[in-house]
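None of these values were measured; they are calculated from a predicted model. These numbers come from the heavy atoms of this one structure, side chains and all, not from hydrogens, waters or symmetry mates.
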Amino acid sequence: MKKLVVLGLASLLALTLAACSDKDAEKSSGTSGDKEITLDFWTFGATGYEELAKEYEKENPNVKIKVKSSETADHHDALFTSLSAGSGAPDIAMLEIDQFDRFKVAQDRFENLYDLGANDVKDQYLDWKWKSGENVDGDFLFGLPTDIGPKALYYRIDLFEQAGLPTDPDEVASLISTPEAFEEAGIKVKEETGMPFVDSIEMAFRAYLDAAETAYLTPDNELNLGEDSEVKKAYDYAVHLNELGIVGKYEMWSPEWANAVNKGEFAAELGAGWLKGWMEGNAPEAVGKWRVATLPTDFAANWGGSYIAVPSETEYAQEAYDFIEWLVSPENQLKSFQSHGLFPSAQSVYDMDEFKTNEDEFFGGQATAPVFAEAAQDIAGIGYKGEKYFPIHNEILNALKNVQNNGSDPEEEWEAAIKRAEDLMKR
């Protein structure tokens, strides 16, 4: 009897180990056979991925994609909570680029997409966008690239004409090719029209900030706010433009700002490609009055965009990867651009006729896509942001607003902002 019990336990253990082995093998290989599976896909914003998911389901009848879309902050907070708890995470998740570093510290909670075939498509995407999806060592890929936010100069042709400036996009790009030329154009607009050149102190600050290789924090999570830092350079430039009187006091997304875009109460905006869609839908009186040109190389930067990752909780890692590889293919990035304005990170799209000839009525018939494509290829990379990027950003921005609105001393405000940032780092 004793021998039979031991033999039975041994057999049970062998069967259990075999079952675990089969499950692990299924997860690593992603072979679900003809079994119907459901992949939970968490997204944020207006992506149109629901429609593309339906296309994928038709091509792959055994795969169902359950798309859940939330507000950006809610999405990332819920994802962070579920990953921290070790349960409740989806099979697939979008990660916004400014939130990305917050998740990179939890590398073990994600699948390495290099293990699932990502090397095969690496060359399809902009190098700087791809590299930002990797870990520091470059041997772990968190997510495949989706959209990007290359910045360009949005400008009002009526105010430029009044200031005696050119209005043709190529001529504007040639004229405003340096930070100094940007400043000079702003002075002319202010003198001749009485209108501010840029809309806000934040946009003046972001001219250099968004292009910075290292912003508020180093990759070692140390503050980077010294006198010779790129942040201080951006801060001083914004203060300088404000002292010249060419910076408006509008706050982006406020009703006053929206009205100013519509009415032409400032001349220029340093905006990303996604701003185009907002303007087309919210500034009806400005149709035909805005154009887009490339920014000075010093200001070439990315603002926004996302990646799509596979949390390691999934039982269907390969199937999840296969779907996102399809979803962000050049052909589907073109569809996402056409339907929802998601600017492609797959550079082959830039040569597609449907992309190059996509004229915008709002911008006077200008084909703006090639302008942003050129801007995208001028970007050197995406600077490290870190988990406390936004709180520190708000403290520096508050300092600039105090300078602009209250006439506060810029250096005193800078030192006070550093102190607040140091306090934030201790929490």
Asn262 to Ala283 - nearest heavy-atom pair and separation: OD1-C, 3.1 Å
Salt bridge present between Glu161 and Arg156 (N-O < 4.0 angstrom): no
Side-chain ion pair, Lys385 and Asp98, N-O less than 4.0 Å: yes
Heavy-atom neighbours of Glu50 CD exceed 12 at 6.0 Å: yes
Short N-O contact, Glu387 and Arg102, less than 4.0 angstrom: no
Close side-chain approach of Ile418 to Trp414, heavy-atom, < 4.5 Å: yes
Asp228/Lys232 salt bridge by N-O under 4.0 Å criterion: no
Ion pair Asp378/Lys151, N-O distance below 4.0 Å: no
Side chain to side chain donor-acceptor pair (under 3.5 Å) between Gln333 and Ser345, worked out: CA-CA 8 Å; Gln333 286 206 3; Ser345 58; 3.3 Å; yes
Side-chain touch Phe205/Leu241, heavy atoms, less than 4.5 angstrom: no
Within 6.0 Å of NZ in Lys131, more than 12 heavy atoms from elsewhere: no
Contact check, side chains of Asp236 and Tyr208, non-hydrogen atoms, under 4.5 Å: no
Salt-bridge contact Glu202-Arg206 (side-chain N to carboxylate O under 4.0 Å): yes
Any donor-acceptor N or O pair under 3.5 Å, side chains Glu374, Tyr350: no
Flag if over 12 foreign heavy atoms under 6.0 Å of NZ, Lys356: yes
Glu96 and His75: side chain donor to acceptor below 3.5 Å: no
Criterion side chain to side chain contact (heavy atoms under 4.5 Å, CB included) on Tyr307 and Met94, from CA distance to verdict: CA-CA 6 Å; Tyr307 291 84; Met94 282 182 68; over 6 Å; no
Lys64 NZ: over 12 foreign heavy atoms closer than 6.0 Å: yes
Derivation and outcome, side chain to side chain donor-acceptor pair (under 3.5 Å), residues Asn402 and Ser408: CA-CA 6 Å; Asn402 287 338; Ser408 302; 5.4 Å; no
Pairwise side-chain contact, Asp322 with Leu116, heavy-atom cut-off 4.5 Å (strictly under): no
Distance-only donor-acceptor check, side chains Asp360 and Gln366, under 3.5 Å: no
is_close_aromatic(Trp257, Trp253), centroid dist under 6.0 Å: yes
Interatomic distance, Thr38 atom OG1 to Glu57 atom CD [nearest 0.5 angstrom]: 8.5 Å
His340/Tyr49 aromatic ring centres below 6.0 Å: no
Within-4.5 Å side-chain heavy-atom neighbours: Trp130 and Gln124: no
Axial cation check for Phe363 ring with Lys289, 6.0 Å and 45° limits: no
Check: Tyr216 and Lys388 side chains under 4.5 Å, non-hydrogen atoms: no
Centroid-centroid under 6.0 Å between Trp290 and Tyr155 rings: no
Cationic N near anionic O, under 4.0 Å, Glu285 to Lys263: yes
Check: Phe323 ring centre within less than 6.0 Å of Tyr321 ring centre: no
Side chains of Met425 and Ile392 in contact at under 4.5 Å (non-hydrogen atoms): yes
Distance flag, aromatic centroids of Phe355 and Phe337, threshold under 6.0 Å: yes
Intermediate values then yes/no, side chain to side chain contact (heavy atoms under 4.5 Å, CB included), Asn282 and Val261: CA-CA 9 Å; Asn282 293 276; Val261 173; over 6 Å; no
Ring centre gap for Phe266 and Phe197 strictly below 6.0 Å: no
Glu55/Lys335 ion pair, N-O < 4.0 Å: yes
More than 12 heavy atoms from other groups under 6.0 Å of CD on Glu59: yes
Phe103 and Leu83, any side-chain heavy atoms less than 4.5 Å apart: yes
